[in-house]
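Here is the structure we will look at.
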Amino acid sequence: MARGAKRKASQREESKENSTKADNHKEQSSKAATRSKRVKASHPQSEPEYFEEPRQLEDLWKAAFPVGTEWDHLDKVYQFKWDFSNLEKAFEEGGKLHDLGNNKVYLFGGTEPQQVPYKGDLKIIYIPIVVAVVSPCPPSDKIGIKSVQRETEEIVPMKQMKMDWIPYIPYDKRDSQVVEYSRNSPQIFVLGCTQRRASLKHMKIDRLKKFDYCLPYLMPIKEEELELSTEVDILFPQEPNPPVYCVFDWQFDEVEEFTDERIKEEELSADQKDAFMEFVKEKVRQQKKENREKKEARKQEFEKMSTETKAAFENLRYYKFYPVQTPDTPDISGVKAAYINRYYNKAHEVL
């Protein structure tokens with residue numbers, strides 16, 4: 001056979017072999033793809049995730065600012081998943097806060113540090129509470145500032161402490177189409193605070209402490225409800241000895257006998273007797289003056305009220321809500337109390 005014929009025959013064989021290899025490769029790739037599809041198809045589809053719809057008033061208790069709680073302890077209030085479903089149910093049909101006619105509900109929060117059992121031990125827990133005031137108008141636009149550490153009591157406008165009654169909008173009305181309607185006809189208001197925690201480090205200490213001693217204020221309707229203290233705090237300086245600290249009650253104590261008792265207890269030196277007695281008398285005069293001013297201020301404010309407003313104030317009702325007990329929260333059953341504060345005194349009902 002000629003060389004050219006041999007070369008052509010060899011090329012034909014090589015071409016045939018390459019074609020066979022290519023066909024085999026395609027077949028293997030097709031089978032692999034089929035297997036891959038089978039494997040993928042054999043995996044079950046993942047279950048769709050479901051997220052629980054928020055309850056309409058689920059964040060209501062958090063919206064009410066815990067007035068008078070120290071800024072450093074605010075985080076302790078929210079370290080547990082407190083359940084205020086009792087507050088939510090109060091707005092449902094048959095609840096205490098349902099179908100109130102012309103009345104609205106004004107809510108303010110607070111905390112009560114109490115030692116309660118938790119996980120086999122006694123611990124100080126900052127228990128959140130919510131007070132609901134039923135009234136056709138805001139119960140007050142003022143805040144009281146008072147504590148045992150402060151000699152004087154202040155009654156200031158809420159806005160001075162960056163607080164105000166804010167309309168609460170339930171979840172189902174937060175859609176852009178209905179939110180304007182909700183703002184125009186709110187049924188629930190919460191006492192909110194716009195003070196930013198980030199700016200506290202630039203605040204003066206005295207201003208900062210005022211927030212710690214804030215109390216929601218309510219003007220006493222009846223004169224006998226006006227709290228007029230007969231006690232005065234005495235802090236008498238006597239160098240080089242330590243100052244004398246005590247409490248004098250002019251309703252039960254007599255100045256000279258009280259002074260002699262301090263000398264007998266070696267709290268006061270005998271040569272300071274006259275000076276101490278005059279110091280106590282001056283403190284009593286100041287306290288009596290403050291009491292007269294309180295009575296006059298109450299009288300003037302009450303006289304300015306319309307007949308309708310007076311009637312509304314005389315028919316105010318307020319309810320105090322504690323968290324519902326759950327397996328994940330401390331046992332607070334033994335520390336519930338009706339007392340709210342020095343202005344509201346006791347709640348009509350504890351829930």
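Hydrophobic clustering (side-chain heavy atoms under 4.5 Å, transitive across Ile, Leu, Val, Met, Phe, Trp, Tyr) groups Tyr78 together with Ile332. Both Val67 and Leu74 are members of a single hydrophobic cluster when ILVMFWY side chains are connected at heavy-atom separations under 4.5 Å. Taken together through direct or relayed side-chain contacts under 4.5 Å among Ile, Leu, Val, Met, Phe, Trp and Tyr, Trp71 and Val77 form part of one hydrophobic cluster. Criterion: ILVMFWY side-chain heavy atoms under 4.5 Å apart, direct or through other members. Under it, Tyr319 and Val324 are not part of a common hydrophobic cluster.
Residue Asp253 holds its CG atom at 5.0 Å from CZ of Phe248, rounded to the nearest 0.5 Å. Rounding to the nearest 0.5 Å places CD1 of Ile127 at 10.0 Å from OG1 of Thr329. With rounding to the nearest 0.5 Å, the separation of CD1 in Ile125 from CG in Asp331 is 11.0 Å. From Ile166, atom CD1 reaches atom CG of Leu191 across 7.5 Å, with rounding to the nearest 0.5 Å. Rounding to the nearest 0.5 Å places CG of Leu268 at 11.5 Å from CD of Glu261. One distance of note links OG1 of Thr194 with CE of Met163; it measures 9.0 Å at 0.5 Å rounding.
Counted by atom type alone, Tyr126 and Asp75 present zero donor-acceptor pairs between their side chains at under 3.5 Å. With 3.5 Å as the limit, one finds no donor-acceptor pair spanning the side chains of Glu154 and Tyr213. Between Tyr106 and Lys104, the side chains place no donor N or O within less than 3.5 Å of an acceptor N or O (distance only, hydrogens not considered).
For Trp61 and Phe84, the ring centers are positioned less than 6.0 Å apart. Between Trp250 and Phe258, the distance from one ring center to the other does not fall under 6.0 angstrom.
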### Worked verdict on Lys81 versus Glu58 for salt bridge (Lys or Arg N to Asp or Glu O under 4.0 Å)
CA-CA 12 Å; Lys81 191 176 181 181; Glu58 187 173 342; over 6 Å; no
### Intermediate values then yes/no, side-chain contact (heavy atoms from CB on, under 4.5 Å), Thr259 and Phe236
CA-CA 12 Å; Thr259 304; Phe236 178 74; over 6 Å; no
### Message
Using side-chain contact (heavy atoms from CB on, under 4.5 Å), reason through Ile234 and Phe276 one step at a time and then give a plain yes or no.
### Response
CA-CA 10 Å; Ile234 305 297; Phe276 181 80; 3.9 Å; yes
### Message
Could you go through Tyr217 and Asp141, starting from their C-alpha distance and side-chain angles, then the distance that decides it, and tell me whether this counts as side-chain contact (heavy atoms from CB on, under 4.5 Å)?
### Response
CA-CA 8 Å; Tyr217 177 75; Asp141 61 353; over 6 Å; no
#### Entry: Leu218 vs Val133, side-chain contact (heavy atoms from CB on, under 4.5 Å): CA-CA, chis, key distance, verdict
CA-CA 11 Å; Leu218 182 69; Val133 184; over 6 Å; no
### Query
Stepwise, does the side-chain hydrogen bond (donor to acceptor under 3.5 Å, both in side chains) test hold for Tyr168 with Asp59?
CA-CA 10 Å; Tyr168 173 80; Asp59 64 347; 2.6 Å; yes
### Task
List the steps, then state whether salt bridge (Lys or Arg N to Asp or Glu O under 4.0 Å) holds for Asp260 with Lys273.
CA-CA 8 Å; Asp260 290 339; Lys273 178 176 179 177; 3.0 Å; yes
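Using a 4.5 Å cut-off on side-chain heavy atoms (C-beta onward), Arg262 and Cys246 make contact. Within the 4.5 Å cutoff, side-chain heavy atoms of Met161 are placed close to those of Arg207. Ser140 is not listed as a side-chain neighbour of Trp165, based on a closest heavy-atom distance of 4.5 Å or more. The side-chain heavy atoms of Ser135 and Phe189, taken from C-beta on, include no pair separated by under 4.5 Å. Residues Pro323 and Asp83 form no side-chain contact, since every pair of their non-hydrogen atoms from C-beta on lies 4.5 Å or further apart. Leu60 places a side-chain heavy atom less than 4.5 Å from the side chain of Val190. Between Lys96 and Leu351 there is a side-chain heavy-atom pair separated by less than 4.5 Å. Inter-residue side-chain proximity for Val105 and Phe91 is flagged as met; some heavy-atom pair is nearer than 4.5 Å.
Shown here is Glu254, whose CD atom has more than 12 heavy atoms of other residues, nucleotides or ligands within 6.0 Å. Heavy atoms of other residues, nucleotides or ligands lying less than 6.0 angstrom from CG of Asn102 number 12 at most. Crowding of Leu122 atom CG: a count of heavy atoms from other residues, nucleotides or ligands under 6.0 Å exceeding 12. Within 6.0 Å of CD on Glu93 lie no more than 12 heavy atoms contributed by other residues, nucleotides or ligands. The neighbour count for Lys62 NZ, taken as heavy atoms of other residues, nucleotides or ligands under 6.0 Å away, does not exceed 12.
Taking both residues in full, the closest heavy atoms of Gly192 and Phe65 are given as CA-CB, 4.2 Å, listed atom of the first, atom of the second, then distance. Minimum heavy-atom separation, Thr69 to Gly110: OG1-C, 4.5 Å. Closest approach of Gly144 and Ile155 over heavy atoms only: CA-CD1, 3.9 Å. Heavy atoms only, all atoms of each residue included: Gln238 and Glu267 are closest at NE2-O, 2.8 Å. Between Lys320 and Ala337, the closest heavy-atom pair is NZ-O, 2.9 Å. Taking each heavy atom of Pro216 and Tyr344 in turn, the nearest pair found is O-CE1, 3.6 Å.
Using modelled atom types, no side-chain atom of Lys159 and backbone atom of Asp164 make a donor-acceptor pair closer than 3.5 Å. Judged purely by atom type and a 3.5 angstrom limit, Glu278 has no side-chain atom pairing as donor or acceptor with the backbone of Ala275. Counting only distance, with no hydrogens or angles, the side chain of Lys89 and the backbone of Gly95 share no donor-acceptor pair below 3.5 Å.
Checking each of Gln287, Glu293, Lys288 against Asn291 for a side-chain hydrogen bond (donor to acceptor under 3.5 Å, both in side chains) leaves exactly one that passes, namely Gln287.
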